[in-house]
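Notes for the one structure printed next.
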Amino acid sequence: MTDTFDAGEFTLRKVREHVWEIPQEGEMRVPARILASEALLEEISDDKTLQQLRNTTHLPGIHRHALCMPDGHQGYGFPVGGVAGIDAENGCISPGAVGYDINCGVRMMKTDLTYDDVRGHEEELVEALFEAVPSGLGGGGIVEGGNAVEEALERGVDWALEEGWAVESDLTHCEDEGRRPDADPSAVSQKAKDRGRNQVGSLGSGNHFLEVQRVTDVFDGAIGDAYGLSEDQIVVLIHCGSRGLGHQVCNDYLREIEKTHEGLLSQLPDRELAAAPAGSQLAEEYYGAMCACINFAWVNRQLIMHRTREVFADVFDRPWEEMGMDLLYDVAHNIAKKEVHEVGVDAEGRPVADADAVDRVERELYVHRKGATRAFPAGRPEVPEAYRDVGQPVIIPGSMGAGSYVLCGGTDSMDLTFGSTAHGAGRLMSRTKAKQEYWGGDVQDDLRTQEVYVKAQSGATIAEEAPGVYKDVDEVVRVSDELGIGSKVARTFPVCNIKG
DNA sequence: ATGTCC
């Protein structure tokens, strides 16, 4: 009768198309849900993703259900692609459910150029971008010295604007206008600040990149117009985070929380889920430090974007102000944020699964999104004014061989996913496996036959990021679109890509 | 992801 999916240790119950549930049992406080097609489930069930998702339901104060997005895979304690809405008054906050790379995210900058304008300049452009934008492991940033780190942590893109690295419209087209007011730089250790010292304005390594792309398809003309996207247009995608600084902050607080909140930790099935109880000093400090890292990462992407404008001005021999180089949007996909959501509660007002709720109330939650993107629909006050009538842009990077998507926050995201959707294609194989399967130079040559120009600090990075190591981004986006959590607006394909 | 192990 009931549709099920056999995922080894787990038998998933089909709630409806693309919605699968691990029923609540034992110490689980709520059920867990995976949003995926059967094809994507086959890939998810190979690793520890489902165990980690179930473990998440043990966190005190978790509301409704723990969620895994269609691109989910195993992470540190909590799946990449995981979403958990946890009570901000009676629950907890968990650094492992935010991720090591705090405010890892993506921004897209538009241009007025078309693909024809760029044809023949790809080699020059990729070389110039590679030269101008610091990348790779370790040091070297666009801005070094002074108190750039402290300013970035405290004031975010406001500081970049003051320093001439931004224009006003960059702020109005960034989440929170590029500044988290809850940031507390004093909660960031000296060691973390020192690691960030020479990384302000740097891409980093791994899956981080800067890509010049062309828009190949616009699926929704009206929203495409609202976003200013059209076919053959050149856009720039920047994917990076808070570098060693955010990594250090995550590590610092995991260790502190493990020491201080041993009692809570002993109730959890995995040490990697270590969490600070809401209202505790460490919860406040971690939240303040994390918000400061969010500001740092926004400044990081802002500086890289502004430097890209200067490179385009140089290569195309025109002032960048005349090339329509405006920020479309910047999305954070590793973050925990206080947001108000409608949730079900029992007779005592405690969090419960929807099926057991006797009332629905608005609560302030720490919405943990790790490898998941906020996807708020039209009307939410957090959506910038420019997009409030249509819904926020959601940027989903795919791979160098498949391209990327722009979606629009879907009307069903508030009901289904605490206003969230996927963040990328999701890895299919480990970095180690990728280096056995591919050689960087060959991948580069293959991509060149598709008119994609790639340049990296290390050939190993190209191998690790070969198109074949990623899931089918079309399938991930199809599921998001059909669920109504993030709807297809446009698709892009790479022209030039630089990476660490 | 990450001064790819303090």
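Every chain is numbered from 1, with letters handed out A, B, ... down the list of sequences.
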For A:S205, report the nucleic acid contact type (base, sugar-phosphate, nothing); a contact means any heavy atom under 4.0 Å. sugar-phosphate
Can you check the A:L137 CG to B:dC5 C1' distance for me, whole Å? 14 Å
Value in whole Å for how far the P atom of B:dC6 lies from CD of A:Q248: 9 Å
Does a side-chain N or O from A:R431 land closer than 4.0 Å to OP1 or OP2 of B:dT4, or not? no
Do the side-chain N or O atoms of A:R243 get closer than 4.0 angstrom to the phosphate oxygens (OP1, OP2) of B:dG3? yes
Whole-Å distance, A:R195 CZ to B:dG3 P, equals 4 Å
Residue whose closest nucleotide on DNA chain B lies nearer the 5' end, A:K435 versus A:G206: A:G206
Whole-Å distance separating the OH atom of A:Y76 from the P atom of B:dT4: 17 Å
note: A:R255, atom CZ; B:dC6, atom P; distance rounded to Å ~ 11 Å
State, to 0.1 Å, how close A:V30 and A:A66 come at their nearest heavy-atom pair, and which atoms those are. CG2-N, 4.1 Å
Indicate, with a heavy-atom threshold strictly under 4.0 Å, whether A:G241 touches base, sugar-phosphate, or nothing. nothing
Measure the acute angle between the ring planes of A:H368 and A:F78, then classify it against the limits of 30° and 60° as parallel, tilted or perpendicular. tilted
Touch class at under 4.0 angstrom, heavy-atom based, for A:Q199 against every strand present: sugar-phosphate
Could you tell me whether A:K471 and A:D71 have a side-chain N and a carboxylate O separated by less than 4.0 Å? no
note: A:N334, atom CG; B:dT2, atom C1'; distance rounded to Å ~ 13 Å
Nearest-Å distance for atom pair CG/C1', residues A:L245 and B:dT2: 12 Å
Is any NZ, NE, NH1 or NH2 atom of the basic residue among A:E177 and A:R179 found under 4.0 Å from an Asp or Glu carboxylate oxygen of the other? no
Need one value for A:K191: base, sugar-phosphate or nothing, where a base atom within 4.0 Å counts as base even if backbone is also close, heavy atoms only. base
Would you call A:R427 and A:E43 a salt bridge, taking side-chain N to carboxylate O under 4.0 Å as the test? no
For the pair made of CG in A:D252 and P in B:dG3, what is the distance, rounded to whole Å? 13 Å
